[in-house]
Chemist: 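Questions regarding the structure given below will be posed in turn.
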Amino acid sequence: QVQLVESGGGLVQAGGSLRLSCTASGRTFSSYAMSWFRQAPGKEREFVAAISQSGGSTYYIDSVKDRFTISRDYVKNTVYLQMSSLEPEDTAVYYCAAGFTIASITAQYRYWGQGTRVTVSS
């Protein structure tokens, strides 16, 4: 069993930055690929970024490439999403997820956090 707790969301102006954190319980953090998804009001949850178990591979959707960076800290059992040049379109609840493989579909992930809200004002 893995529990994920996100933090770091908030209100930011367009062009600003935020860093989201997701801390995992348990001693199996390195066994899981970690991803960030987001869900905007009235829309389906969408894949944003992922990082492999080793940290050697990362993946992003096109709309966040060059603006967002995913990373992980094995000592702190935490995965981060550094977000810069934020746009109003990035407004959503952001969720971290843990799974054994990297995938862009929610069904592939076994564990989810409760979400942290990001609001970008124009």
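In what follows, residues are counted from 1 in the order of the sequence shown.
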Chemist: Begin with the C-alpha distance, continue with both residues' side-chain angles, and end with the deciding distance and a verdict on side chain to side chain contact (heavy atoms under 4.5 Å, CB included) for Ser30 and Gln53.
Modeler: CA-CA 6 Å; Ser30 60; Gln53 284 87 335; 6.0 Å; no

Chemist: Identify which one of Glu44, Arg45, Glu46 satisfies the side-chain contact (heavy atoms from CB on, under 4.5 Å) criterion when paired with Thr106.
Modeler: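 Among Glu44, Arg45, Glu46, the one that satisfies the side-chain contact (heavy atoms from CB on, under 4.5 Å) with Thr106 is Arg45.
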
Chemist: Under 4.5 Å between side-chain heavy atoms, counting indirect links through other Ile/Leu/Val/Met/Phe/Trp/Tyr residues: same cluster for Tyr59 and Ile61 or not?
Modeler: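 Shared cluster, yes.
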
Chemist: May I ask you to test the Ser71-Val79 pair for a side-chain heavy-atom distance under 4.5 Å?
Modeler: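 No, their side chains stay 4.5 Å or more apart.
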
Chemist: Can any side-chain N or O of Gln39 pair as donor or acceptor with the backbone N or O of Ala92 at less than 3.5 Å?
Modeler: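 No, because the side chain of Gln39 does not come within donor-acceptor range (under 3.5 Å) of the backbone of Ala92.
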
Chemist: Just jot down the side chain to side chain contact (heavy atoms under 4.5 Å, CB included) partners of Val2, sequence neighbours excluded, or say none.
Modeler: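 For Val2 the side chain to side chain contact (heavy atoms under 4.5 Å, CB included) partners, ignoring immediate neighbours, are Leu4, Ala24, Thr28, Tyr32, Tyr111.
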
Chemist: Using every non-hydrogen atom in the two residues, find where Phe47 and Ser35 come nearest and quote the distance to one decimal.
Modeler: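 For Phe47 versus Ser35, the nearest heavy atoms are CE1-OG, 3.9 Å.
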
Chemist: To the nearest 0.5 Å, what is the distance between CH2 (Trp36) and OG1 (Thr116)?
Modeler: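 It comes to 7.5 Å.
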
Chemist: In terms of hydrophobic clusters joined by side-chain contacts under 4.5 Å, are Tyr74 and Leu20 together?
Modeler: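 Tyr74 and Leu20: one cluster.
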
Chemist: Listing request: all salt bridge (Lys or Arg N to Asp or Glu O under 4.0 Å) pairs with a residue in residues 88-100, at least two apart in sequence or in separate chains.
Modeler: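 Applying salt bridge (Lys or Arg N to Asp or Glu O under 4.0 Å) to every pair that reaches into residues 88-100, excluding sequence neighbours, yields Arg38-Asp90, Arg67-Asp90.
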
Chemist: Indicate the atoms forming the closest heavy-atom contact of Val75 with Asp73, along with that distance.
Modeler: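 Minimum heavy-atom separation between Val75 and Asp73: N-OD1, 2.9 Å.
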
Chemist: Side chains of Thr69 and Leu81: does their closest heavy-atom pair fall under 4.5 Å?
Modeler: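 Sidechains of Leu81 and Thr69: no contact.
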
Chemist: Between Cys96 and Trp112, is any pair of side-chain heavy atoms under 4.5 Å apart?
Modeler: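 They are not in side-chain contact.
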
Chemist: Are any of the side-chain heavy atoms of Tyr94 and Met83 separated by less than 4.5 Å?
Modeler: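 Contact flag for Tyr94/Met83 side chains = yes.
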
Chemist: Stepwise, does the side chain to side chain contact (heavy atoms under 4.5 Å, CB included) test hold for Thr91 with Val118?
Modeler: CA-CA 5 Å; Thr91 295; Val118 173; 5.9 Å; no

Chemist: With side chain to side chain contact (heavy atoms under 4.5 Å, CB included) as the test, would you mind laying out the steps for Ile102 and Ser52 before giving the verdict?
Modeler: CA-CA 7 Å; Ile102 288 178; Ser52 62; 4.0 Å; yes

Chemist: Taking a hydrophobic cluster as the set of Ile, Leu, Val, Met, Phe, Trp and Tyr residues connected by side-chain heavy atoms closer than 4.5 Å, whether directly or through intermediates, do Phe37 and Phe100 fall within one such cluster?
Modeler: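 Yes, it is one cluster - the side chains of Phe37 and Phe100 are joined through contacts under 4.5 Å.
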
Chemist: For the atom pair OG (Ser122) and CG (Leu86), what is the distance rounded to the nearest 0.5 Å?
Modeler: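 Ser122 OG to Leu86 CG: 13.0 Å, rounded to 0.5 Å.
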
Chemist: Does Arg72 form a side chain to side chain contact (heavy atoms under 4.5 Å, CB included) with Phe29? I'd like the steps, not just the answer.
Modeler: CA-CA 10 Å; Arg72 64 192 299 168; Phe29 179 69; 3.5 Å; yes

Chemist: Pairs in or reaching into residues 76-88: which pass side chain to side chain donor-acceptor pair (under 3.5 Å), with residues at least two apart or in two chains?
Modeler: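 Side chain to side chain donor-acceptor pair (under 3.5 Å) check on residues 76-88 returns Thr23-Thr78.
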
Chemist: Does Val5 belong to the same Ile/Leu/Val/Met/Phe/Trp/Tyr cluster as Val48, with side-chain heavy atoms less than 4.5 Å apart forming each link?
Modeler: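 As far as the 4.5 Å side-chain criterion goes, Val48 and Val5 are not connected within one cluster.
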
